[in-house]
Every structure is written in structure tokens, then in C-alpha cells.
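Worksheet for the structure shown next.
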Amino acid sequence: MNNITLVLIVLLVPMFIFFIFVPYLTRKTESFGVSIPETVYDTPELKKMRKQYAYAISFLSAFATGIFLITDMITDLEESAVGILLAIVISVFILLSFLSYYVFHIKMKQLKKLSNWKQEKSQKVYIHTQFHQSKLRYSNAWFLFSIIIAIATIIASMMSYAKFPEQIPMQYNFQGEVTNWAEKSHRTVLAMPIIQLYLTLIFVFVNTIIGKAKQQINAENPNESMQQNILFRRRWSAFTIIGGILLTILFSIVQFSFMYPIPQALMIRAAILISIGLTIGAIILSITTGQGGSRIKASREGQVEVIDKDDDRYWKLGQFYVNKNDPTIFLEKRFGIGWTMNWGRPLSWVIVILFVLITIGIVWLAI
């Protein structure tokens, strides 16, 4: 097995598994981007739709895996060609996965229209006034570890500036060989620590979103839903903090390898282990927790004869929330795990534009 196959196993297979099981990880009040009563989630018709979707994505995953296994047998394939093929296969897979989702999204909308579920019970929005006063996430103070590591890396780099080679590696191929170099300067020497600080700020931002995002409590089982949602946020907050610290450590290892004779094999193993650990951790967390904590067992105090208010009209294609009258900026995804943005609010676009501009600036600095 060569490094191309290794990349396939480490990066693609976990992604395929996640895509296959997405319908089973969403809330029981949502199905393929359409709001539904929780009581109909386990009906035979909806179970069949989830299985059909899983079969379709499994086929796409097997096809993509087959392409990479064939590529693995071609020994004279250039590195650039492998990168292009990887990008094309992933892009096509994501596109076809979305098209598969959209087919079931349309079917779900039609089924909902014919079934008239929302006419059987009254619709309500459940809001707990003390929800955001609960401990929804762990403190951003934990990121001080990442900041200390980054600052220590900066100090060590400046003190050992003379030890840096005149040509600093900036890019590696699948074999661990350097494919791009940069002339030594204070800018290039500090590029890695600056990226560390930038990534830490992103993780702080994500952790803050976890605590500030719009509460979504199931009106049918409000007490159970609130407990699940609190645990959902805490678990992902912990994962975000741990992931941020591990990535900061990884970047420090790479930076110190420029100053000291650290074996390249050690760096590659560290990168693979951290990547595998974070990937598997995210999948396990997704499966055991579910979106909004839907897969967490919590105490239930009887079912209320109401359902969540139908807001499907604000969810374009069942995935993009557009509501200019809702002051909320961040809220849970309807299909998948995590959070999305209210694209009806100008601030959402400002945040995205700032993020893109800062990212371009960091990349320019690194190059």
C-alpha cells in the first residue's frame, strides 16, 4: 500500500461513512431538510427513505474508492495528477451526494404535503428563558494552552533564527518530499506560528458560536430536548478545544523540525496520528451524540400534544436558512452535524467576507 492509498484511508473513508449515516444523525423532528413531527420519524416509509439514501451514498463511496484503488496500482502517476484526481473525485462525490439528498428532499416535501401532519397538532415554538444561562460550552480560557504554545514557538524561533536553513520547506508531497521552498526571512520563519494563532482564533470563534447559537428545543419533548442540546454543545465544545490544542502542537513540531534534527518520519507519523484521531473522534462523537443531541438518552416527562412550528419556508433547499426577520446569526444545520448561518442577515455575509480576506492574508504571508 503506497501513500496515495494511505491518504484514501485516512481522509476519504471516514468522510464516506459520515455521508452514509447523515440521515440517522439528524434530529427526529427533521427529515432530509423538512420539519416533521417526531412521532412519524420511525414510520416504515421514512425508514425506507433513509435506507435508500444510505444505499445510494454507499454506491457512490464504493465507486470513488474503486477509482483510488486503481490509481494506487499506477506507479508512474505524477504527484500533480494525483492531486487533481483527488480534487475531482471529491468534488464529484459531494455534488452527487447533494443531488441524492435533493431527490429525497423533494420526496419528503411531497409526502409531508399529502400527509397533512401539521394539521393534526397545534404548532408552537418552545423557548427556555434560562437556556443560555446554562453551561453550554467550556471556557475559552482553555485555548490559553494553544496561545502559550504558539508564543513559545515564536520566542524559540526568534532565539534560534540562525539555525533555520536558508531555504525553508513550505509544501510536501505524499512521499514526504519537499515540493516548495521559501527564502529565509523573519516573515517566513514566523509564518507557522502566525498560522497557529490564526487557527486558535478560529477555534475560539467556533467555541463561542457553540454557546451563542440559537436554542432549538423540541416542543413535543421540551425537557428531554433541552438536556440533549446542552450535552450536544458541551461535547462539541470539548472536541473543539482538544482539536485546537492538538493542531497547535502539530504545527510546533513542524516548526521545531526546521531548527533541530527531528526525523521526518516522526513528523509524518504525528500528522497522520493526529489526523486519524480527530477524524475518528468526530465520527464517533457524531454517531453517539447526533445533531442537537438527538442520539443522547435523556429523561422524558411525557409527550406534549404539540409540534414545532413549521418554518420550512425559510430553509432553501432544506439546508440554507434565509430569514431577515430573525436576529439569530448562528443556528443548527437541518441536514448534517453542526451549525450554519442565517443568510438573510447582512452580518453573516460580513463574517464570511472577513474570514476569506483574513485567510487570503495569512496564505500570502506564509507564501
Side-chain angles (χ1 to χ4, degrees), residues 2-4 6-7 10-11 77-84 86-87 140-207 240-279 281 354-367:
N2 61 29
N3 288 319
I4 296 176
L6 186 61
V7 170
V10 173
L11 299 179
L77 196 61
E78 295 183 1
E79 187 76 25
S80 59
V82 175
I84 293 173
L86 177 65
N140 284 329
W142 285 102
F143 289 105
L144 285 175
F145 288 102
S146 296
I147 295 174
I148 291 172
I149 293 171
I151 292 176
T153 304
I154 291 175
I155 295 173
S157 299
M158 289 296 93
M159 292 179 64
S160 304
Y161 182 80
K163 295 182 179 181
F164 279 81
E166 293 302 317
Q167 296 285 329
I168 299 177
M170 302 299 290
Q171 183 177 341
Y172 297 85
N173 60 16
F174 291 126
Q175 280 71 41
E177 301 168 345
V178 180
T179 58
N180 188 25
W181 304 79
E183 295 288 338
K184 183 174 79 169
S185 67
H186 286 89
R187 188 183 75 174
T188 53
V189 166
L190 292 177
M192 196 72 68
I194 289 175
I195 292 175
Q196 286 178 304
L197 292 173
Y198 175 56
L199 288 176
T200 300
L201 289 177
I202 291 178
F203 284 117
V204 169
F205 180 65
V206 171
N207 195 47
T240 301
I241 292 170
I242 294 172
I245 294 174
L246 288 176
L247 287 177
T248 304
I249 292 173
L250 176 60
F251 277 98
S252 289
I253 293 175
V254 175
Q255 181 78 347
F256 279 98
S257 71
F258 300 149
M259 298 179 276
Y260 305 102
I262 298 178
Q264 192 176 69
L266 176 62
M267 286 194 305
I268 294 176
R269 289 193 185 99
I272 292 176
L273 287 175
I274 290 176
S275 299
I276 292 176
L278 291 178
T279 302
L354 285 176
F355 172 76
V356 172
L357 291 177
I358 294 174
T359 302
I360 291 174
I362 294 295
V363 172
W364 173 82
L365 179 66
I367 295 177

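Side chains included, hydrogens not; waters and symmetry mates left out as well; all remaining heavy atoms used.
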Side chains of Gln255 and Phe164 in contact at under 4.5 Å (non-hydrogen atoms): yes
CG on Leu278 to CG on Leu273, rounded to 0.5 Å: 11.0 Å
Would a 4.5 Å heavy-atom cut-off, applied to side chains only, mark Asn140 and Ile241 as touching? no
Just so I know, are the side chains of Gln196 and Ser146 near enough to count as touching, which here means a heavy-atom distance under 4.5 Å? no
Is there a side-chain contact between Ile249 and Ile149, using heavy atoms and a 4.5 Å cut-off? yes
Between Leu201 and Phe205, is there a side-chain heavy-atom distance shorter than 4.5 Å? no
Are any of the side-chain heavy atoms of Phe203 and Ile245 separated by less than 4.5 Å? no
Nearest 0.5 angstrom please: Ile253 CD1 to Met192 CE, how far? 11.5 Å
Separation between CD1 (Ile151) and OG1 (Thr200), nearest 0.5 Å, reads 9.5 Å
Within a strict 4.5 Å, meaning less than it, do heavy atoms of the Asn207 and Trp142 side chains meet? no
Looking at residues at least two apart in the chain, or sitting in another chain, which of them share a side-chain contact (heavy atoms from CB on, under 4.5 Å) with Tyr161? Met158, Lys184, His186, Val189
Working to the nearest 0.5 Å, report the span between OG1 of Thr153 and CZ of Phe256. 5.0 Å
Assess whether side-chain contact (heavy atoms from CB on, under 4.5 Å) is satisfied between Tyr260 and Ser160, documenting all intermediate values. CA-CA 10 Å; Tyr260 305 102; Ser160 304; 3.5 Å; yes
Working to the nearest 0.5 Å, report the span between CZ of Phe355 and OH of Tyr198. 4.0 Å
Any side-chain heavy-atom pair from Thr248 and Phe143 closer than 4.5 angstrom? no
Atom CG of Leu246 and atom CZ of Phe251: how far apart are they, to the nearest 0.5 Å? 12.5 Å
Do you know which two heavy atoms are closest between Ala150 and Leu197, and how far apart they sit? CB-CD2, 3.6 Å
Would you say Phe145 has more than 12 foreign heavy atoms packed within less than 6.0 Å of its CZ? no
Indicate the atoms forming the closest heavy-atom contact of Ser157 with Met259, along with that distance. CA-SD, 3.9 Å
